[in-house]
Colleague: 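Please read through the structure below; I'll follow up with questions.
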Amino acid sequence: MNIIQETKRLLAAALMDAAAAARAAGEISYDELPDFVVEIPREKFHGDFATNLALLLARQARQAPRAIAAAIVQHFDLTQAGVAKIEVAGPGFINFTLDGKWLLPVLPAVLAEDEHYGWSNIGQGTKVQVEFVSANPTGLLHMGNARGAALGDCIANLLTAVGYEVTREFYINDAGNQIENFALSLEARYLQALGQEADIPEDGYHGIDLIDTVQHFLELYGDKYLDADPTLRREILVRFALEEKLAAIRQVLEDFGVHYDVWFSEQSLHDSGAVARAVADLEKAGYIYEKDGALWFKATRLGEEKDEVLVRQNGLPTYFAADIAYHRNKFERGFKWLINVWGADHHGHVSRLKSALKALGYDPDRLEVVLMQLVRLYQGGEVLRMSKRTGQYVTLNELIEEVGKDAARYFFVMLKSDSHLEFDLDLARSQSADNPVYYVQYAHARICSILRLARERGLQVPSAREADLGLLTEPAELDLIKQIANWPDTVAGAALALEPHRLTRFAHELASLFHSFYTSCRVLADDPQVRNARLVLVEAARITLRNVLHLLGVSAPERM
RNA sequence: GCGUCUGUAGCUCAGGUGGAUAGAGCAGCGGUUUCCUAAACCGCGUGCCGGGGGUUCGAGUCCUCCCAGGCGCACCA
């Protein structure tokens with residue numbers, strides 16, 4: 001149930017009738033009604049809803065907005081949407097104040113819909129894929145990956161909630177140059193472990209975690225590959241290491257509450273010929289030419305700044321070529337909407353990938369890339385500099401250990417993805433009021449505490465029918481109900497805009513309204529009628545709060 | 001140089017897709033508990049919304065030009 005949307009629709013319909021009546025009476029004139037909005041005004045004293053209809057009509061009607069508004073108000077049928085008061089205000093707004101009880105029906109609906117309250121079917125089962133993290137499987141996940149994990153998972157949760165059929169996917173970059181470097185680095189560590197002289201390449205992987213990986217390899221195979229053919233040796237090492245690294249990545253993501261439906265190997269695109277086919281098809285479409293021994297994608301023909309190499313002089317396809325094949329593969333699997341969560345350092349890649357998809361005959365607008373700015377880590381007021389190559393970085397594993405899954409996820413999603421994220425380790429770690437996660441979770445725990453105590457006293461949350469919800473008239477009660485009623489719109493808005501941070505804002509606001517309510521209204525009051533009404537309200541608040549936290553992937557503790 | 005993102009209170013950030021008097025948290029000051037969890041509540045804000053110009057009834061929001069910062073601009077991914 002979305003009582004706010006329904007009320008808006010009623011008001012809009014009544015407004016159209018009123019405008020038509022005013023026109024019939026010759027008081028205003030227009031050909032067609034403009035695309036007006038009925039919205040909840042920012043200021044409370046502007047009423048429950050307001051419309052800009054008269055302002056938009058002014059030009060067509062060649063009349064002053066306030067005069068138009070007055071005419072519409074004259075013909076407005078107050079009974080149609082339970083309007084208690086209607087007035088012209090400001091430059092020509094029409095403000096509505098509804099009957100005080102208009103929001104109450106939302107409470108029984110929340111109790112009935114329970115864990116689905118706020119959900120909708122906007123997506124109508126459309127297949128959408130969310131690809132996120134997709135980190136190189138050569139090490140552990142760092143803070144940037146972690147932000148991507150929280151964002152991507154939350155976006156996937158949101159889209160599921162509004163009725164899409166969502167697939168979470170991790171693209172494994174198990175091909176290309178970095179795998180070569182990975183192999184050489186492993187080999188060097190292997191030889192070093194066996195007492196040989198060996199150097200890790202300049203742009204190789206210097207992280208000490210490779211020493212551990214090689215150690216595990218040694219436990220299984222010993223020095224069996226000491227004198228083996230280097231190509232074979234590297235292949236064996238890489239296969240072993242990738243498996244180990246991927247298992248670790250998969251595990252830490254599970255610990256972070258992220259579960260993927262598909263793990264997709266880049267190498268498989270090369271093996272299956274999908275990459276070659278993509279290049280061939282681009283050639284057929286006339287987008288390929290050869291220069292300096294390489295095959296180029298003529299991206300400039302589609303308005304890009306420059307052309308891109310797809311097959312290098314040495315005959316090996318580039319990452320870009322594989323990525324084109326990958327995204328085509330996504331479409332071929334039937335996804336109607338593709339969402340990628342990428343670090344902002346890849347933003348230059350977006351446009352040319354879309355162009356390539358266009359050249360292959362796909363609608364590039366069906367691919368949406370959520371770019372997130374990079375994470376800066378603060379501790380003790382200082383920036384911690386991270387670099388994967390040198391092995392200096394805070395891993396997701398360490399982060400979960402340090403601040404916990406809940407705080408980490410909340411912090412990563414708290415800001416819109418466009419913003420640089422300054423992650424304050426001390427704050428996230430602090431188990432204090434400063435920490436917004438606890439503030440929200442505490443509200444949930446407090447509600448559970450009330451309900452627990454009620455049960456101990458033999459009191460149940462009454463069915464909505466038993467309770468006289470009309471007794472909920474305190475401002476704190478009404479504000480809380482309003483926020484609860486706002487939840488479905490918040491979910492829908494956050495989902496369609498791919499903006500999970502709206503959830504944390506909503507959660508904080510809801511928690512805040514509950515805390516205020518808690519202070520001014522006693523739930524387990526002596527009067528059984530009041531008590532029952534408030535138990536229903538509190539139960540609805542609990543459900544809503546839990547649903548928000550659920551979408552955030554943050555736990556909703558029953559006691560703290 | 002070109003592209004892109006960011007610039008809002010001392011700090012960290014919101015401002016639902018153009019609306020009326022721009023908000024929250026933190027920090028700071030002062031209050032609140034014989035009572036369902038004080039991890040809470042209540043009160044206290046003089047903001048050239050980076051700057052100029054434009055669009056219109058109306059701009060933090062849209063266009064344009066500057067300024068400052070982040071990130072890109074490889075036969076890396």
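Naming: A, B, ... by sequence-line order, numbering from 1 per chain. The basis for the numbers below is simple: all heavy atoms, side chains too, and nothing from hydrogens, waters or symmetry mates.
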Colleague: For nucleotides 49-51 of chain B, list the nitrogen or oxygen atoms of the protein found under 3.5 Å from its nitrogen or oxygen atoms, one pair per line.
Modeller:
none

Colleague: Considering only side-chain heavy atoms of A/Val523, which listed nucleotide, B/C13, B/C36, B/C75, is closest?
Modeller: B/C36
Colleague: Could you state the CD-C1' distance from A/Glu499 to B/U17, rounded to the nearest angstrom?
Modeller: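 These atoms are roughly 10 Å apart.
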Colleague: Report the nucleotide, chosen from B/C42, B/C13, B/A20, that has the shortest atom-to-atom distance to any side-chain atom of A/Leu415.
Modeller: B/C13
Colleague: Counting side-chain heavy atoms from C-beta on, which of B/A20, B/A14, B/C36 comes nearest to A/Tyr518?
Modeller: B/C36
Colleague: Counting side-chain heavy atoms from C-beta on, which of B/G3, B/C57, B/A77 comes nearest to A/His349?
Modeller: B/A77
Colleague: Heavy atoms, side chains only, cut-off 4.5 Å: are A/Leu282 and A/Ile324 in contact?
Modeller: yes
Colleague: Is A/Arg312 close enough to B/A77 that one of its side-chain N or O atoms is under 4.0 Å from OP1 or OP2 there?
Modeller: yes
Colleague: Can you tell me the pairing partner of B/C62 across any strand shown, Watson-Crick or G-U wobble, with both distances under 3.5 angstrom?
Modeller: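 Base-paired to B/G54.
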Colleague: Quick check with a 6.0 Å cut-off and a 45 degree axis cone: is A/Arg446 positioned over the face of A/Tyr518's six-membered ring?
Modeller: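 Satisfied, under 6.0 Å and within 45°.
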Colleague: Base of B/A77, side chain of A/Asp345 - is there a donor-acceptor contact under 3.5 Å?
Modeller: no
Colleague: Whole-Å distance between B/G7 C1' and A/Gln373 CD?
Modeller: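 Checked: the CD to C1' distance equals 13 Å.
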Colleague: Mind checking whether A/Phe423 and A/Phe411 have ring centres under 6.0 Å apart?
Modeller: yes
Colleague: Among B/A14, B/C75, B/G19, find the nucleotide with the atom closest to the side chain of A/Asp292.
Modeller: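 Closest nucleotide to the A/Asp292 side chain: B/C75.
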Colleague: Please determine, for the side chain of A/Leu453, which listed nucleotide (B/C36, B/A40, B/U21) has the closest atom?
Modeller: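 Comparing B/C36, B/A40, B/U21 against the side chain of A/Leu453, the answer is B/C36.
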Colleague: Please answer whether B/G19 and A/Phe93 are stacked, defined here as ring centres separated by less than 5.5 Å and planes angled under 30°.
Modeller: no
Colleague: Want to settle it: does A/Ser419 or A/Asn95 sit nearer the 5' end of RNA chain B, counting the closest nucleotide to each?
Modeller: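 The residue closer to the strand's 5' end, by nearest nucleotide, is A/Ser419.
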Colleague: Of all the choices, B/C13, B/C35, B/A77, which nucleotide is nearest to the side chain of A/Arg522 once you look at every atom?
Modeller: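 Selected nucleotide: B/C35.
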Colleague: B/G15, OP1 or OP2 - any side-chain N/O from A/His501 closer than 4.0 Å?
Modeller: yes
Colleague: Nearest whole Å is fine: how far is B/G25 P from A/Phe411 CZ?
Modeller: 15 Å
Colleague: Is it true that A/Phe182 and A/Tyr205 have ring centroids separated by less than 6.0 Å?
Modeller: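 Aromatic pair counts; centres sit under 6.0 Å.
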Colleague: So, is A/Ser516 near the phosphate of B/C42, with a side-chain N or O under 4.0 Å from OP1 or OP2?
Modeller: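 Indeed, a polar side-chain atom of A/Ser516 lies that close.
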Colleague: Please determine whether any donor N or O and acceptor N or O are separated by less than 3.5 Å between the side chain of A/His346 and the base of B/A77.
Modeller: yes
Colleague: Could you give the distance separating B/C62 and B/C5 at their P atoms, to the nearest angstrom?
Modeller: 11 Å
Colleague: Look at the side-chain N and O atoms of A/Arg505 and state whether any lies under 4.0 Å from the OP1 or OP2 oxygen of B/A24.
Modeller: no
Colleague: Below 4.0 angstrom from OP1 or OP2 of B/G19, is there any side-chain N or O of A/Thr51?
Modeller: no
Colleague: Should A/Arg42 be listed as having a side-chain N or O under 4.0 Å from OP1 or OP2 of B/A20?
Modeller: yes
